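Before I ask anything, let me first share the structure, which is written out below as structure tokens.
Bear in mind that the values here come from a model prediction, so they are computed numbers and not experimental data. Below, read A as the first sequence line, B as the second, and so on, with proteins coming before strands; counting in each chain starts at 1.
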Amino acid sequence: MALDKIGIAKRIAQEVKDGMYVNLGIGIPTLVANYLPQGIEVELQSENGLLGMGPFPFDGEEDADLINAGKQTITTLPGSVFFDSAMSFGMIRAQKVDLTILGAMEVSENGDIANWKVPGKMVKGMGGAMDLVASAKNIIVAMQHCDKAGNSKLLPSCTLPLTGVACVKKIVSDLGVFDVHEGTFVLLETAPGVSVEEVIAKTAGKLIISDKVKEMSL
Amino acid sequence: MPIYKVVKNAEEACRDIQSEMTLLLGGFGLCGIPENCIQELVKKGITNLTCVSNNAGVDDFGLGLLLQQKQVKKMISSYVGENAEFERQMLSGELEVELIPQGTLATRCMASGYGMPVIYTPAGVGTEVAVGKEVRNFNGKDYLMEYAFDADFAIVKAWKGDTKGNLIFRATSRNFNPLMAMAGKITIAEVEELVQPGELDPDMIHLPGIYVHRIFQGVNYEKRIEQKTVRSRN
């Protein structure tokens, strides 16, 4: 069975290590915060100017001056710190942020990513995505493997306007976990109940199957 | 005579802002936006403005109010998804829009304020953002050359300020405000609380008053929350 959004978030959360500074993009990536492994300490960076992002507030305790990059109300934690937008993107550009997790509409076999524009239809803007993908040491993409019509979104090359070039290293889709390495997708893990054959059939880009391929454990 | 920066209100602060000007406007979403000055710009009815701001407000609040009145010729922003009227004006060609990476927007403001003509950033290399721009390679990585902003006015919002223009910001309403304050030829700061010199601890000031030309205590802040998001108590 293909994963739902929570399943994708749960699997990505396994990649987060103790002591990491992590930026979570809007959409599925924000759910990762709810499934971080027990007993580890992670600092969440919100690119609008906060390190140490906490959970959503209780009803009635929301603060208009305290929001995340998705414009949702949030809280701080002991040790949190505020800073301006230039410092925020400075720490991203200088690779102080260890891990970036964001969504994608398309990823290509050489690691290009498109996630900000559908010409003529959806032109909301790139926000911080271009900065994040151009600078991050480690990028994990959360995405649906196919679009609503069943077409693969893991492609030989992106058809949509690019957010970044040759930057994606790892993908978790609803069908499996993939590395992106030397011009090919590499299947590392299948979602529970999903066959390798299904993944092959639904991946338009170059795909090799790791000889250590296994089923995800969630 | 000391330099006197205090003005009475947004009307006095914005008195010489005219049509065709380029404005830097602080805020992220609706957080930390200069509400009073935006209302004043709407009231003035000036047109053909070029506005540099990370977002475009929502349909009926923030910069959305200027867009509603068709006062903006060009927006330079990183994300405009919350404003349906904006998207409509953009897709129809009524509004000229330059979408730029958020970090580029912030750092171009910083460059202005730090007296640097250009910055180099990897954001947008290989994408449509790079079209027409100079690319240089440093240590094996490509960077785009981006120019410091050249704006007539910067309009920012702070939490507290003193009569010398020193500013303190609060939480995530800081965002672009200190950077834009540094970058304006003339910088207008509206604050929730205006205090006397000496009341702000010099160690705690976020933005030195040298960058601020006009300051006033604002009124009737709505501080609208765009997406109230809460968690349950269990």
Review point. Taking the side chain from Asp131(A) and the backbone from Gly103(B), do they hold a donor-acceptor pair closer than 3.5 Å?
Key: yes
Review point. Does NZ or CZ of Lys124(A) fall inside the cone over Tyr79(B)'s six-membered ring, less than 6.0 Å from its centre and within 45° of the axis?
Key: no
Exercise for review: Decide yes or no for Met130(A) and Thr127(B): does some side-chain heavy atom of the first lie under 4.5 Å from some side-chain heavy atom of the second?
Suggested key: yes
Review point. Is there a side-chain contact (heavy atoms from CB on, under 4.5 Å) between Arg93(A) and Tyr143(B) once you walk through the steps?
Key: CA-CA 11 Å; Arg93(A) 202 179 296 117; Tyr143(B) 293 78; 5.5 Å; no
Study note, to complete from the structure: From the list Pro57(A), Gly49(A), Pro55(A), the residue making the most non-hydrogen contacts under 4.5 Å with chain B is Pro57(A)
**Study point:** Under 4.5 Å from a heavy atom of chain B, the part of Thr163(A) involved
**Key:** backbone
Exercise for review: Give, as side chain, backbone, both or neither, the part of Thr104(B) having an atom under 4.5 angstrom from any heavy atom of chain A.
Suggested key: both
Check your understanding: Could you give the distance from CD1 (Ile67(A)) to OG (Ser173(B)), rounded to the nearest 0.5 Å?
Key -> 9.0 Å
Review point. Is there a donor-acceptor pair closer than 3.5 Å between any side-chain N or O of Gln227(B) and the backbone N or O of Gly70(A)?
Key: yes
Review point. With only heavy atoms counted, which part of Asp112(A) is less than 4.5 Å from chain B, the side chain, the backbone, both or neither?
Key: neither
Review point. Is it the side chain or the backbone of Pro178(B) that comes within 4.5 Å of chain A heavy atoms, both, or neither?
Key: side chain
Revision key, fill the gap. Checked Val165(A), Leu162(A), Asp65(A) vs chain B; the most non-hydrogen pairs under 4.5 Å come from Asp65(A)
**Study point:** Interchain contact, Leu30(B) with chain A, by part (heavy-atom threshold 4.5 Å)
**Key:** neither
Practice item. For the pair Asp59(A) and Arg233(B), find out whether any cationic side-chain nitrogen is under 4.0 Å from an anionic carboxylate oxygen. Key: no
Review point. So do Lys117(A) and Leu99(B) actually touch side chain to side chain, heavy atoms under 4.5 Å?
Key: no
Review point. Where does Glu61(A) contact chain B at under 4.5 Å (heavy atoms): side chain, backbone, both or neither?
Key: side chain
Point to revise | Contact origin within Phe56(A) toward chain B - heavy atom pairs under 4.5 Å | key: both
Study note, to complete from the structure: d(Phe89(A) CZ, Met110(B) CE) to nearest 0.5 Å is 13.5 Å
